[in-house]
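The residues of the chain are indexed from 1 along the displayed sequence. Note that the coordinates shown come from a computational prediction; the quantities given were computed from them, not determined experimentally.
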Amino acid sequence: MRFRFCGDLDCPDWVLAEISTLAKISSVKLKLICAQVLRDLLGGSMEYEKILKLTSDAKLESGDVKATIAVLGFILSSAAKHGVDSESLSSELQQLGLPKEHASGLCRSYEEKQSSLQDSLRAASLRLSQLGSVCWRVDYTLSSSELQEVHEPLVHLTFTVREGQRGSTVAVPMAVSADKFRVLLAELKQAQALMSALS
């Protein structure tokens, strides 16, 4: 059977297996867990301890809690990615075996954040990393122990790059000669002109 929230494909087996785990959690608590997962998908921070407290009465093991977070993340992001409305998502989740109250609560959370989730996914689409900032410094070497006169500038660049959508920032240092820096700058200006022409 094909499901719209899976991109008109069959539902993955691991998602089917985790539907029964979702059913063990009360519908109210599932909605609260959805809020945490949505916060994470939108770039905020998820309070894992809060999720552990919410799932404690269902006596879920640590692996089941992580699987619950993963399946909710998959369902919510896939539904937003494929533009599925909340009624269709609710119907499809019920077809997979999720109780009606659970599906309704999940879909209410999804409906509230659907447009912002789609915007967030669109912004992260085809993006592996994002440039945060660039720091630079020019050293001009007059002479060295090996040569009396060098007179050559050296450009030191440090790129601050954010890995993925919510990844940590990494500093990427590099040093280039003045000639290589001119080539780099010219090629970056060409790339910027091409991108400006496309938009």
Side-chain angles (χ1 to χ4, degrees), residues 5-7 12 14-15 32-54 62-63 65-83 109-110 112-199:
F5 82 94
C6 294
W14 70 273
V15 174
L32 294 171
I33 295 169
C34 280
Q36 290 294 321
V37 172
L38 282 165
R39 182 189 298 175
D40 182 54
L41 290 172
L42 292 170
S45 60
M46 183 184 335
E47 296 177 39
Y48 188 69
E49 294 78 26
K50 194 172 187 178
I51 294 174
L52 285 175
K53 285 180 187 173
L54 290 169
S62 161
V65 174
K66 290 176 183 175
T68 298
I69 293 168
V71 77
L72 287 173
F74 174 81
I75 290 168
L76 294 166
S77 62
S78 290
K81 196 182 306 177
H82 298 293
S109 297
Y110 167 71
E112 291 168 7
K113 302 287 184 180
Q114 182 180 3
S115 61
S116 54
L117 185 56
Q118 286 174 326
D119 292 341
S120 175
L121 290 170
R122 201 173 293 115
S125 178
L126 301 175
R127 177 171 284 165
L128 298 175
S129 59
Q130 186 175 11
L131 183 64
S133 64
V134 178
C135 298
W136 59 274
R137 183 182 88 227
V138 178
D139 291 343
Y140 191 83
T141 309
L142 297 172
S143 64
S144 70
S145 60
E146 295 178 16
L147 296 169
Q148 285 294 349
E149 289 190 31
V150 176
H151 296 291
E152 187 173 316
L154 191 63
V155 180
H156 295 273
L157 299 166
T158 303
F159 299 100
T160 305
V161 179
R162 191 173 74 182
E163 299 293 331
Q165 187 180 0
R166 296 176 300 277
S168 59
T169 55
V170 178
V172 181
M174 64 184 280
V176 293
S177 67
D179 292 336
K180 287 185 180 178
F181 179 73
R182 283 188 201 99
V183 171
L184 173 66
L185 186 60
E187 289 181 354
L188 286 173
K189 285 181 178 178
Q190 282 180 331
Q192 184 180 27
L194 285 171
M195 289 169 35
S196 295
L198 291 173
S199 58

For [X] against [Y], the heavy-atom pair lying closest together:
X	Y	result
Leu121	Lys81	CD1-N, 4.0 Å
Gln114	Gly83	NE2-C, 4.4 Å
Ser109	Leu38	O-CD1, 3.5 Å

Not counting sequence neighbours, which residues clear ring-ring contact (aromatic ring centres under 6.0 Å, His included) with Phe181? List them please.
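ring-ring contact (aromatic ring centres under 6.0 Å, His included) check on Phe181 returns nothing, list empty.
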
Could you check whether any side-chain N or O of Ser120 sits under 3.5 Å from a backbone N or O of Ser116, counting only pairs where one atom can act as donor and the other as acceptor?
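No.
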
Would you call [X] and [Y] a side-chain contact if the rule is heavy atoms closer than 4.5 Å?
X	Y	result
Pro12	Cys6	yes
Val71	Trp14	yes
Leu198	Leu194	no
Leu157	Leu184	yes

In chain order, what residues pass the side-chain contact (heavy atoms from CB on, under 4.5 Å) check against [X], with sequence neighbours excluded?
X	answer
Glu187	Val183, Gln190
Thr160	Ser133, Thr169
Pro153	Val138, Tyr140, Ala178

Glu47: side-chain hydrogen bond (donor to acceptor under 3.5 Å, both in side chains) partners, not counting sequence neighbours
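For Glu47 the side-chain hydrogen bond (donor to acceptor under 3.5 Å, both in side chains) partners, ignoring immediate neighbours, are Arg39.
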
Identify, with sequence neighbours excluded, every residue that meets side-chain hydrogen bond (donor to acceptor under 3.5 Å, both in side chains) alongside Gln36.
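Expected list: none.
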
